[in-house]
Amino acid sequence: MDKSFDPRAVEPRWRRAWEELGLYRADPASGRPPFSMVIPPPNITGRLHVGHGLNNTLQDVLARWKRMGGHDVLWVPGSDHASIATHVMLERQLEKEGTTRQALGREVFLERAWAWKEKYGGEIVEQLRRLGVSCDWSRERFTMDPGLSRAVREVFVRLYEEGLIYRDRYMINWCPRCRTAVSDLEVVHKEFPGTLWTLRYDLEGGGAVRVATTRPETFLGDAAVAVHPDDERHRGLAGRTAILPILGRRIPVVADDFVDPSFGTGAVKVTPAHDPNDFLAGRRLGLAPIVIMDDAGRMTAEAGPCAGLDRFECRRLLVERLRAEGVIEEEKPHTISAGRCQRCDTIVEPMISLQWFVAMEPLARPALEAVESGRIVFIPDSWRKTYFEWMRNIRDWCISRQLWWGHRIPAWSCAGCGRMLVLREDPSSCPECGSDRLEQDPDVLDTWFSSGLWAFSTLGWPDRTPELGRYYPTSVLVTGYDIIFFWVARMIMMGLKFMGDVPFRAVFYNGLVRDAQGEKISKMKGNVIDLFDLMDTYGTDAVRFTYAAMSSPGADVPLSPGRLEGSRAFANKIWNAARFARPHLEGPRAATMRRENLSVADRWILSRGSRTAREIHEALSAYRFDEAAAAIYRFTWHDVCDWYLELSKPALAAGGREAEAARAVLSHTLDRVLRLLHPFMPFLTEELWQGLVRGAEDPVSLSLAAYPQDEPRWDDPEAERMMDRMMETVVAARNLRAASGIAGGTRLPRLELVTADDQVRRDLSALAPSIAGSTRTAEVVFVASFAPGIDRARTVTSLGEIGLPLEGVMDRPAERERLQREIERVTKELSVHQAKLSNDRFVQRARPEAVEKVRSAHRELSERLSRLQATLAQIAT
RNA sequence: GGGCGGUUAGCUCAGCGGGAGAGCACCUGCCUUACAAGCAGGGGGUCACUGGUUCAAAUCCAGUACUGCCCACCA
């Protein structure tokens with residue numbers, strides 16, 4: 001075995017083996033309780049990033065933990081076609097080639113999209129595999145698979161038939177670059193400094209009205225000026241006619257209470273075709289919208305002299321001209337908020353357009369109830385409020401996109417009878433009039449429409465498959481909180497609607513991955529951390545462990561090199577612990593452990609192991625990945641490596657029954673560490689377990705072995721107490737040694753322990769020789785007399801008795817100073833406890849355990865204090 | 001404009017009513033036959049601020065400051 005762990009030599013081998021053996025196929029016939037999850041399908045548009053790393057690591061921890069815990073685990077992997085995101089990527093490619101999708105045509109473009117999917121969709125799945133995730137690869141799905149497409153169509157048709165999908169000419173968000181409608185959620189609002197212009201419109205018959213706007217060019221589309229009916233300043237204005245500058249168009253002044261009299265001049269220009277508010281006002285007031293911009297953001301003929309100009313160019317020129325003509329009466333800085341396309345960052349335009357919508361309110365009601373009632377649990381539950389808020393104010397969902405890559409809308413218009421047909425199967429002729437002049441709606445569906453069905457479409461719906469019966473609802477969804485509306489909410493609505501049950505019983509929201517400074521990772525900032533660089537540098541296990549360790553509920557996950565290095569060191573530590581254990585594990589399996597043959601150290605580590613299993617079980621049950629990781633870390637490094645392995649050395653060397661017992665405990669403990677750690681670090685643990693621990697009757701893989709439970713028969717508070725005392729003593733000794741300047745390598749002779757307490761004598765005496773045999777811990781022997789219960793006569797000054805003259809060994813002034821500091825500290829702490837115990841209310845009202853804790857702490861502290869003082873007195877002489 | 005979260009050791013973060021913690025960094029001493037990606041020891045914090053509740057507050061409540069995020073059709 002190499003001196004250090006080399007992940008690259010280990011990972012590919014096990015990755016391959018796990019998959020070739022098909023270990024992670026769900027087995028409905030197994031008779032074990034099911035545990036199921038669907039992966040949040042990564043988009044085919046890019047590489048797996050650090051966020052995917054976190055999300056999939058946490059899912060895999062759960063999957064492996066549950067599998068080892070005896071569940072039939074189904075974890076469905078797959079990828080998402082990502083309609084608009086893929087368009088953006090492909091169009092960037094085309095742009096480099098000097099062409100456009102429009103020039104290419106739909107068919108050729110779709111061929112390229114499929115080619116992209118084959119290439120990058122395959123890559124992203126490969127990248128998932130590198131993480132070591134235990135998905136059921138035999139059930140990999142893609143949102144545009146035939147089966148899933150059938151589900152999409154079924155859902156569309158049924159919602160249409162129920163009137164929950166409708167078509168309307170309505171105001172939507174339009175991206176002039178993507179040239180498609182996008183939903184409200186796909187618009188990202190950003191604030192930036194802008195200008196508020198005040199324009200003067202002359203009134204017919206004299207006078208003028210002033211309106212404030214942040215988008216002066218839209219005056220070209222004004223259909224009215226509105227004032228509040230109760231606004232004294234504008235009394236008598238309603239009913240008159242304003243004349244638009246430049247165009248000279250006459251528009252009415254109307255009164256409506258949507259106007260906020262306190263803003264600007266109290267009069268507002270109404271542009272029904274280019275502002276959501278004005279659109280509604282226009283409908284109410286019967287104003288015809290005037291469209292001044294086309295689908296590419298260029299001004300139309302309605303824009304008069306500006307026709308053909310780009311929208312921003314138009315604004316620039318218009319402002320100049322209006323200034324010159326004195327129409328602009330005021331310009332002042334104003335923070336404005338513009339919506340941008342989530343995918344391409346282009347400023348979106350509110351536009352009136354004929355689109356397909358889903359009526360959300362009927363779907364939202366049960367989805368709201370499911371979370372309110374606790375049928376779906378959110379972790380952390382603070383997300384409930386966010387979810388409720390959105391659900392209660394839900395607006396209809398614009399689902400049609402003027403794109404090509406995606407699920408095409410199953411609607412045909414018949415040129416024969418003029419009917420709109422929405423059908424499950426592609427028609428060859430009109431079922432109503434028999435005409436074959438049918439034309440399918442060119443649009444595709446919002447990519448989230450199909451992902452909303454993911455929890456059941458991946459299990460074979462609309463067929464009543466056995467998988468649906470067994471694995472739906474899924475056990476838990478692990479996802480980022482950034483898609484709570486896009487995905488989680490819609491899955492809940494669709495699941496309830498079409499399956500009649502929730503899609504998952506719980507949602508765990510993992511944090512966002514941030515950089516070491518806690519900054520959001522973005523290409524703009526240039527702080528992108530590449531997941532594969534991380535895995536190459538630190539090893540996949542270390543990266544996974546870091547994710548888990550940093551994943552505390554409700555918090556984002558900063559990826560700091562320090563943590564990653566710590567995890568890598570941890571992997572290496574285990575590797576070397578195994579290297580140490582190896583020679584002792586060879587040969588026939590160690591005998592069963594019998595308490596009466598075990599040393600205190602043995603009993604202690606078994607007890608700690610039991611406790612650790614319990615802690616991990618509790619932590620993972622509550623999705624506390626961080627606490628579980630901390631528990632296994634503490635146990636492995638600090639209990640097993642720092643203490644147990646050192647203490648076992650002499651016993652192992654001793655041979656005979658003593659060594660036999662130590663071997664048994666060592667083997668048991670290493671096995672336990674590897675099992676407990678496996679969900680977090682699957683590669684390293686599998687490698688070591690296969691090489692060192694696995695017996696003939698064990699499963700082929702550690703990932704199929706049983707997860708350790710607590711072992712009440714090894715719970716041993718007495719041994720833990722004794723070891724605590726022992727460790728305290730050793731630390732005191734090491735301090736002394738350091739202060740005395742005794743070199744680390746110096747071997748110190750043994751000291752016979754003298755104690756009045758038989759039990760203590762037996763156990764510590766049994767321990768002492770073993771300690772003495774180890775150079776690292778030898779020093780314990782000469783001050784073991786510090787330990788409570790041991791004859792106080794033998795204090796540090798008895799060094800002389802064991803042949804080491806104090807003089808020349810110990811730096812007295814330094815030790816004296818250290819002791820004094822320690823005495824001060826203990827005295828201070830003691831006084832705190834003293835005060836508590838003399839506080840009647842504390843003694844009466846606090847929980848009895850709390851009081852007892854303080855009492856015993858007080859007792860120990862005062863004993864310690866007197867020992868320290870005695871030592872000081874002796875040194876002083 | 002609403003809503004949510006954060007402010008604890010130099011850095012990144014746990015702890016959320018009764019003894020201030022982890023990883024990394026730092027200081028001292030060690031290549032000790034598993035591991036220098038290591039071992040042993042150590043230093044370092046009025047737990048943002050103000051007030052309140054309580055026998056007891058980093059922890060609960062109110063407010064302030066700073067900060068991050070989400071939602072929202074104020075021109």
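Just so we're on the same page: letters track the sequence lines, and every chain starts at 1. Keep in mind it's a predicted model, so treat the numbers as computed, not measured.
- Using a 4.5 Å cut-off on side-chain heavy atoms (C-beta onward), A:Ile632 and A:Met681 make no contact.
- Residue A:Glu829 is the one, among A:Arg514 and A:Glu829, whose nearest nucleotide of RNA chain B lies closer to the 5' end (criterion: closest heavy atom).
- When only modelled atom types and interatomic distance are considered, A:Glu349 and A:His274 share no side-chain donor-acceptor pair under 3.5 Å.
- Nucleic acid contact class of A:Phe279 (heavy atoms, under 4.0 Å, all strands): none.
- Comparing the P positions of B:rC24 and B:rC55 gives an interatomic distance of 43 Å, to the nearest angstrom.
- Rounded to a whole Å, the CZ atom of A:Arg579 is 5 Å from the C1' atom of B:rA34.
- Side-chain N/O atoms of A:Lys385 and base N/O atoms of B:rC4 include no donor-acceptor pair closer than 3.5 Å.
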For nucleotides 8-10 of chain B, give me every protein contact, N/O to N/O, under 3.5 Å, one pair per line with atom names.
none

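- Residue contacts shown for A:Ala577 include a base, since a base heavy atom lies under 4.0 Å away.
- For the pair A:Asp275/A:Val270, no side-chain contact is recorded, criterion being any heavy-atom separation below 4.5 Å from C-beta on.
- Sorted by first then second residue, the salt bridge (charged side-chain N to carboxylate O under 4.0 Å, His left out) pairs that include residues 569-582 of chain A, not counting sequence neighbours, number zero.
- B:rA48 sits 42 Å from B:rC35 when the C1' atoms are compared, rounded to a whole Å.
- Taking 3.5 Å as the limit, the base of B:rA34 and the side chain of A:Glu646 contain a donor-acceptor pair of atoms between them.
- Between the side chain of A:Arg395 and the base of B:rA72, no donor-acceptor pair of N or O atoms lies under 3.5 Å.
- Within the nucleic acid shown, A:Leu645 comes within 4.0 Å of at least one base atom, counting heavy atoms only.
- Between B:rA58 and B:rG18, the two P atoms lie 10 Å apart (nearest whole Å).
- Toward the 5′ end of RNA chain B lies the nearest nucleotide of A:Ser567, the other residue of the pair A:Ser567 and A:Trp637 mapping further downstream.
- Counting only Watson-Crick or G-U wobble pairs whose defining distances are both under 3.5 Å, the stems of 3 or more consecutive pairs in RNA chain B are B:1-7 with B:65-71, B:10-13 with B:21-24, B:26-30 with B:38-42, B:48-52 with B:60-64.
- To the nearest whole angstrom, the two P atoms, one in B:rG45 and one in B:rC11, are 14 Å apart.
- Of the N and O atoms on the side chains of A:Asp2 and A:Ser4, not one donor lies less than 3.5 Å from an acceptor on the other residue.
- Rounded to a whole angstrom, the distance from the C1' atom of B:rG43 to that of B:rG29 is 15 Å.
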